[in-house]
Asks: 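Please find one structure pasted underneath; my questions will follow.
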Amino acid sequence: MINKFKRFIQDNKKDLHYILALTIILLIISIPKLYLQYSIGIGNWDTYLYLENGRNFAKMGWGDVSSIAPVLPMILAKIFLITHHTFQEAIFNVDVIAYIMGVIFLYLILRFKFNENVSLVGSFIYATFTLLFSWVAIGGNDIIGVSGTLATIYLILAAHKYNTKIYYIALPIAAYSFLTRYTAGIMAFAIVFYLIINRINLKEIRDIIIGFILGVISISWFLNQFNKVLGTPFPFLGQFSGTVSNTQVMDSGYLPDTWYYITHIPNYLSSTIPLRSTFNAVVNPMGNIPTTLSYLYIILMILGFIVILYQTYKIIKNSDKKYFTTINILLLITVAILSIACLITLSQVSYITTFILFFIIMGLIWLTLYQYNIDTLDYDLLMISLFVIYIVFQSILSTKNDRYFITVLPFIAYFIANAVNSIYNYVDDKITAKNVKPTTILTAAIIVLLVINSLAFVSSIPQNNHYKDVEDACYWLNETHAPLNNTTIIYSDNWP
């Protein structure tokens with residue numbers, strides 16, 4: 001066992017150094033954000049809900065609907081029980097840890113295709129996207145949810161490539177990711193597609209089934225709690241059916257505009273907070289001012305997609321196998337027809353219909369390409385699929401909030417990484433160096449620039465937070481109208 005561990009360290013020494021460097025850099029930008037949040041306090045109403053549900057699980061408070069993302073409150077409950085004290089900073093700390101873990105998992109995902117420098121740049125660009133970085137330490141469940149998704153994707157890739165027993169860990173983590181944020185379940189469509197096109201064998205199917213059973217067992221406590229409190233172990237099925245039919249709800253986030261997220265992508269990637277703004281500009285950056293860097297990211301994202309197409313074209317061109325065979329022409333015509341149908345159904349019918357059409361299209365594209373032995377074909381199709389299904393899912397839902405788009409950001413970073421990889425290859429071919437590669441120096445420069453940009457963003461965060469007024473009102477109520485309990489009726493202009 002010790003020898004295996006030593007061999008693992010030796011075989012992955014370079015990656016471990018990069019991960020250590022990435023962790024240190026993330027701490028440099030996240031610790032100031034964390035301490036600022038300590039000073040500001042709670043800045044989003046969801047944070048109250050998770051903290052109170054955490055107190056409920058720890059038998060220290062009233063709580064609310066137990067089926068709403070129970071994993072984060074359970075983590076908080078464990079912290080409260082260990083410390084014998086309930087404190088709001090606990091959720092801020094958990095948020096930062098989840099953020100760092102998510103970025104590291106994205107680095108590991110990118111390593112399946114790119115070298116260490118490109119993976120470091122791609123993952124750190126993701127880490128510093130304004131929308132994601134804005135929510136670091138605020139105390140929502142969006143970051144912990146997307147980090148769980150990234151952990152699941154990495155472990156699925158590792159299980160298929162290295163050892164199928166990794167599914168025993170991957171699928172329980174997937175189950176917890178789902179209960180952390182139910183939208184994480186959307187990744188199942190892309191993962192199933194990835195496994196199908198890889199034509200997995202019976203042994204791998206067996207380990208997937210075992211992993212699935214372990215996943216169900218690992219969340220059985222939550223299912224039992226749901227059954228006791230709500231009378232059903234699967235309360236999330238109601239939410240799922242609501243999203244399938246896109247049921248309109250009485251919600252402050254009701255916004256049927258399908259193009260809302262796409263039009264605000266520049267604000268989400270890199271933007272500055274306008275003068276005289278409140279803390280609301282941090283949690284909802286749609287009103288911020290996009291920077292030049294944001295438009296550079298969009299150019300790189302588009303370039304990254306073009307690079308994938310061009311590299312595929314080059315492999316086909318240099319192959320002895322003819323591409324435009326009768327079968328392939330028929331498949332491509334079918335792809336064109338289904339693509340039109342997919343666009344027509346978008347937002348007109350259930351997203352399940354759109355997803356089915358989309359994955360049929362992806363499957364047909366794979367059928368035309370798999371014979372050319374493209375090394376990362378299955379990986380690229382997986383990442384493209386995850387990007388498309390998340391952006392479609394979030395866009396067609398009638399309830400929208402800027403932070404929901406966090407689920408799309410890792411896959412935007414993937415496209416940017418493709419462009420960066422192409423640029424790096426060009427630089428290394430044109431410039432030769434004896435000791436240090438020019439792209440290594442370029443990586444260091446990019447990291448320093450992004451660190452400075454992130455710290456500047458932290459320094460610009462306004463501390464004018466109306467939730468502080470809510471907190472003061474709660475203290476006043478508790479002091480002047482005690483005793484209060486969960487039957488006390490209180491009217492407020494603020495939610496909750």
Asks: To the closest 0.5 Å, what do you measure between CE (Met383) and CD1 (Ile153)?
Replies: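 These two atoms lie 6.5 Å from each other.
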Asks: Parallel, tilted or perpendicular, judged at 30° and 60°: which one describes the rings of Phe129 and Tyr297?
Replies: perpendicular
Asks: If you apply the rule side-chain hydrogen bond (donor to acceptor under 3.5 Å, both in side chains), what do you find for Asp402 with Tyr261, and how did you get there?
Replies: CA-CA 8 Å; Asp402 285 357; Tyr261 290 123; over 6 Å; no
Asks: Tell me yes or no: between the side chains of Thr128 and Ser454, is some donor less than 3.5 Å from an acceptor?
Replies: no
Asks: Which residues satisfy the salt bridge (charged side-chain N to carboxylate O under 4.0 Å, His left out) test with Asp95, sequence neighbours excluded?
Replies: none
Asks: For Tyr260, does the OH atom have more than 12 heavy-atom neighbours from other residues, nucleotides or ligands under 6.0 Å away?
Replies: yes
Asks: Establish, yes or no, whether a centroid distance under 6.0 Å links the rings of His160 and Tyr194.
Replies: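 When the ring centroids of His160 and Tyr194 are compared, they turn out to be within the sub-6.0 Å range.
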Asks: Asp257: which residues meet the salt bridge (charged side-chain N to carboxylate O under 4.0 Å, His left out) condition with it, sequence neighbours left out?
Replies: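 If we apply the salt bridge (charged side-chain N to carboxylate O under 4.0 Å, His left out) test to Asp257, skipping adjacent residues, there are no hits.
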Asks: Apply side-chain hydrogen bond (donor to acceptor under 3.5 Å, both in side chains) to Ser177 and Thr149, showing your working.
Replies: CA-CA 6 Å; Ser177 299; Thr149 299; 5.3 Å; no
Asks: Please identify which of these residues, Asn12, Thr23, Asn117, meets the side chain to side chain donor-acceptor pair (under 3.5 Å) condition with Tyr18.
Replies: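 Result: among Asn12, Thr23, Asn117, Asn117 is the only option passing the side chain to side chain donor-acceptor pair (under 3.5 Å) with Tyr18.
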Asks: Can Gln88 and Thr47 be said to form a side-chain hydrogen bond (donor to acceptor under 3.5 Å, both in side chains), step by step?
Replies: CA-CA 9 Å; Gln88 66 185 31; Thr47 308; over 6 Å; no
Asks: Angle between ring planes, Phe359 versus Phe355, binned at 30° and 60°: parallel, tilted or perpendicular?
Replies: perpendicular
Asks: For the residue pair Tyr35 and Tyr38, does the interplanar ring angle fall in the parallel (under 30°), tilted (30 to 60°) or perpendicular (over 60°) class?
Replies: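 Aromatic pair Tyr35/Tyr38 classed perpendicular.
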Asks: Can you tell me if Asp142 and Tyr404 form a side-chain donor-acceptor pair at under 3.5 Å?
Replies: no
Asks: Could you pull out the closest heavy-atom pair between Phe80 and Ala90, with the gap in Å?
Replies: CE2-CB, 4.0 Å
Asks: To the nearest 0.5 Å, how far apart are CG in Leu110 and OG in Ser123?
Replies: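 OG of Ser123 is found 6.5 Å from CG of Leu110.
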Asks: Mind listing the closest non-hydrogen atom pair of Pro274 and Asn288 along with its distance?
Replies: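 Nearest pair, atom of Pro274 first, then Asn288: CD-OD1, 3.5 Å.
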Asks: Could you report the tightest heavy-atom contact between Gly211 and Leu171, atom names first, then the distance?
Replies: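 Shortest heavy-atom contact: O-CB, 3.4 Å.
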Asks: Name the orientation class of the two ring planes belonging to Tyr154 and Phe112 (parallel below 30°, tilted from 30 to 60°, perpendicular beyond 60°).
Replies: tilted
